[in-house]
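One structure is given here, and the rest of the page talks about it.
Values in this document were obtained by computation on a predicted structure and should not be read as measured data. So that the names make sense, note that chain A is the first sequence line, chain B the second, and so on, each numbered from 1.
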Amino acid sequence: MTGNRRRSTLFLLILAGGLLLALALAGGLLDDRALTTDFSRKNLPPCPAYLFGTDWMGRDMLARTLTGLSLSLRVGALTAAASAAIALVLGTASAAFGGWVDALVSWLIHLVMGVPHILLIILVSLACGRGFWGVTAGVTLTHWPALARLVRGEVLQLKGAPWLRMSRRLGAPRGKILRNHILPHLLPQFLTGLILQFPHAILHEAGVTFLGFGLPPEQPAIGVILEESMSYLTTGRWWLALFPGLALVLVVVLFALAGERLRLLLSPASAQE
Amino acid sequence: MLHRLQFTAKKLVRMALLLLGVSLTAFLLMDASPLDPLQTNIGQAALGTMSPEQIARLEEYWGINTPAAERYVGWLGSALRGDFGVSLLYSRPVLAVVGQRLGNSLWLLLFAWVLSGGLGLALGLAAGANRGRWPDRLIRGYCLVISSTPTFWLALLLLMVFSVWLGWLPIGLSVPIGADAASVTLTARLYHALLPGLTLSVTGVAGIALHTREKVVDVLDSDYVLFARARGEGHILRRHVLRNVALPALTLQFASIGEIIGGSVLVEQVFSYPGLGQAAVAAGLGGDLPLLLGITVVTAALVFGGSLAADLLYGVIDPRIRRGAAKA
Amino acid sequence: MEPILTVEHLSVSFTRYSRGFARTELSAVRDLSLTVEPGRVTALVGESGSGKSLLAHAILQLLPRNAQVGGTILYDGAPLSRERAEALRGREIALIPQGITWLDPMMKVGPQVRRGRGDSETRARCRAALDRFGLGPQVEELYPFELSGGMARRVLIACAVMDSPRLIVADEPTPGLDIRAAGRVLGHFRELAEEGAGVLFITHDLELALTVAHKLVVLCEGRTVEELSPARFRSGQGLNHPYTRALWHAMPENNFL
């Protein structure tokens, strides 16, 4: 491996974080522009003034795309954090208490894994009356099992570690052991899992919104933009679908790459590579 | 033998319990929905013009005034007898709708399942065997980009390129409009399933390839491969890697069923392919509770059935289980 | 006698990350020199973590790619390059590894020992090798998980013997065996040496090394610190290095001194 892997990973993480911030800000600033209609400039292919072109209502596709990405990232961040929190609680409880708690959590994991995510998100979103909270709840409730399994495994391993058994025998209270020993060991793995959660969350949100169960059609979400573009495909307005999707792919790749690099760095097997 | 039977029975009971859980969860979620099936299906305006008796009859039809627990128990009772209720949208038994839609989707799902599994295994082997070199980088790059691409957007792109620009493949519908479904030939079916199937396979490859690669790398790092090399053995890939990757690959293949069905929901929507996924979306948007419930349960049964099949195959293939059980 | 294997000033190190962004060189073997003569057992003794196993892997050119190797290894008088080692592996140089994890869990013993060759000559040689270590024909049909620890080790030795190698590198082949079984395994090494092979016996168990070896090489923190005969070690006379003297004092029968 040439170059310094740790440094490049840090660079990627900073880039991803910076992008997240910039897009979140841009979304707020461009909100008006994304919704402004102007029929004098409708259906423009990409040109210097409108890099991503305009749609049938003359709305600037670049502004719409950036606002959509900002929306996606916000939903992604919220759902990734919320589902990671669920994973942390359930995974730790499962490993720490064992017995029926473990059995119940494992049953829940199988249950959630047994239904295709998209179908389950549709169901949860329906239960919450669709919209922002519907899709957020849906993605949150479907994305915790993998991370919960990881947390459970890590905690189990830590539980068996001699130094931990020692400090328990010395009479350290459970809560203190958890706070001082288990959480610090868990944190790196957990953060990586959280970052890797991000791409999935964003993609599922876009998919569910595309199907009509997510963000409402008046919001310029990527899923909404692409759903609208469907009607114009046969008339050759390719830019309506191409650029917003491409932008989403780029953002997701960046996060997936950053998360993957972090995971590789933290896994002991590749520490020497 | 007895041991195997016990194992199978235990798995079957577990599967039944999970299915029960899935149906209850799905039922409660749909019941919690504030969306009124009357308004979604008949519309505010139409409701306004109806007499109270008409509305009451409709409310009974959609089952609005019965308590949730009673409705679930009622549903469960008839479901166990093979009656999943009547689809509100299609006015036909849910099982008939699901059966027909699943029949349409089956081509698509099987095609994607086999292709993504085979291709994923091959790519994973190639990447793992060439770890760190360009084939590995290329394959990992492909997997990263593909798994970061929304399935429905990829479907849109393929549709744009092959159907709109090149005009090679049809835009939608697995059955040509006006043709009787029974008269559609196998080639016509394949022709229409080609693009959706391709989309599903292309995206399904990524996960299987990456996981296979990890396994291959593990095996190549193992002591026994080191020993094989120390003994000057040739064909290590065929003799040791393939042999030891086969079982995890089997698990992956069966575990991918859920993902492929999930992907088909999006892909069928884009290609307006009249399969199970499209029916699920229609049922969700139209508040067709019995149909959505039926689709959820059938889908979950497919996923659990897949993992059961993997477990049983393991027992046949893995000598540690096969011989271990014979001895016990 | 001309040595079959000569190792001179071997060093092995790995690049790895320490704290932050710094990359450090981790030296596992610093300065290792020894010779192995045909018909003799040379024992390399050192505690775990002293880099013993790396020597076996370095001789067979099996070190991972991030390893940096210095010094020279001569086999039969000529440098042992990667290509040459690859050609000699499993023909003239044989490895006897540590334990059962070195057998493919998904393959029966027979095909594994035969390396997939099914011709009658290979079958006969395999049969003879297994027979020699008291493993009947039924063992060929077993999977590794069905073997006991002792059986697995005998299978591994049979693998090495099947090729009538000129150099045998045995890497910790005895842990976990009871003293009688270990004694039998060591007896096999002695036999192999008497048939003319050079045996390099890598171990942390000093007593075992003393019973089987013609020559003792002591490894301490990645350096070979002393080379001597078992008899001289037992006498406790003229031990040059403090580590060797500490080893001698640690022997149960010398405790009271």
Side-chain angles (χ1 to χ4, degrees), chain B residues 3 121 125 127-137 212 215-252 310 313-328, chain C residues 53 56-66 82-109 111-117 141-147 152 155-156 158-163 165 167-172:
Chain B
H3 179 270
L121 183 66
L125 280 171
N130 292 294
R131 174 165 41 153
R133 292 198 290 273
W134 66 264
D136 181 30
R137 281 155 186 259
T212 308
K215 259 340 272 190
V216 171
V217 165
D218 281 353
V219 172
L220 283 176
D221 280 347
S222 71
D223 288 341
Y224 55 86
V225 165
L226 201 63
F227 189 45
R229 284 170 56 207
R231 296 183 69 209
E233 241 179 73
H235 308 294
I236 285 178
L237 213 58
R238 184 163 51 80
R239 271 172 61 75
H240 295 291
V241 176
L242 210 55
R243 192 180 288 261
N244 281 279
V245 163
L247 282 177
L250 195 78
T251 311
L252 275 178
L313 277 174
Y314 244 80
V316 178
I317 299 172
D318 190 340
R320 280 161 295 193
I321 301 180
R322 176 163 32 98
R323 294 228 182 155
K327 259 196 214 165
Chain C
S53 291
H57 295 182
I59 294 169
L60 287 149
Q61 300 279 353
L62 291 172
L63 289 169
R65 268 176 290 176
N66 64 327
R82 184 168 280 268
E83 292 73 30
R84 192 154 170 251
E86 273 168 14
L88 290 170
R89 281 181 207 160
R91 295 157 64 96
E92 292 193 15
I93 308 179
L95 173 73
I96 300 176
Q98 297 181 2
I100 195 147
T101 58
W102 295 71
L103 291 171
D104 186 334
M106 297 290 289
M107 198 186 280
K108 287 181 185 170
V109 166
Q112 202 149 186
V113 175
R114 293 194 290 271
R115 273 169 294 194
R117 269 174 252 150
E141 291 303 311
L142 296 180
Y143 283 96
F145 81 100
E146 295 169 302
L147 302 174
V155 168
L156 291 170
C159 284
V161 171
M162 210 184 94
D163 303 307
L167 174 65
I168 293 171
V169 182
D171 184 12
E172 295 273 12

| said: I'd like to know which of C/Leu88, C/Leu60, C/Leu103, C/Ile93 tops the heavy-atom pair count under 4.5 Å against chain B. | reply: C/Leu103
| request: Return the option, out of B/Val219, B/Ile317, B/Asp223, with the maximum number of heavy-atom pairs under 4.5 Å with chain C. | output: B/Asp223
| remark: Whatever's closer than 4.5 Å to a heavy atom in chain B on C/Gln98 counts as neither
| message | Let me confirm one number: the CD-SG distance from B/Glu233 to C/Cys159, rounded to the nearest 0.5 Å. | response | 9.0 Å
| task | Heavy atoms only: give me the nearest C/Met106-C/Tyr143 pair and the separation to one decimal. | result | O-CE2, 3.5 Å
| Non-hydrogen atoms of chain B under 4.5 Å away: do they reach the side chain of C/Pro144, the backbone, both or neither? | neither
| remark: Residue from C/Gln61, C/Gln112, C/Glu86 scoring the most non-hydrogen pairs under 4.5 Å with chain B is C/Gln112
| said: To the nearest 0.5 Å, what is the distance between CD1 on C/Ile168 and CG on C/Leu95? | reply: 10.5 Å
| Looking at B/Ala230, B/Gly232, B/Ser222, B/Gly132, which one has more heavy-atom pairs under 4.5 Å with chain C than the rest? | B/Ala230
| task | Kindly indicate whether a cation-pi arrangement holds for B/Arg231 with B/Phe227, taking the cut-offs as under 6.0 Å to the six-membered ring centre and within 45° of the axis. | result | yes
| query | B/His240 vs B/Tyr224 aromatic rings, parallel, tilted or perpendicular, using cut-offs 30° and 60°? | reply | tilted
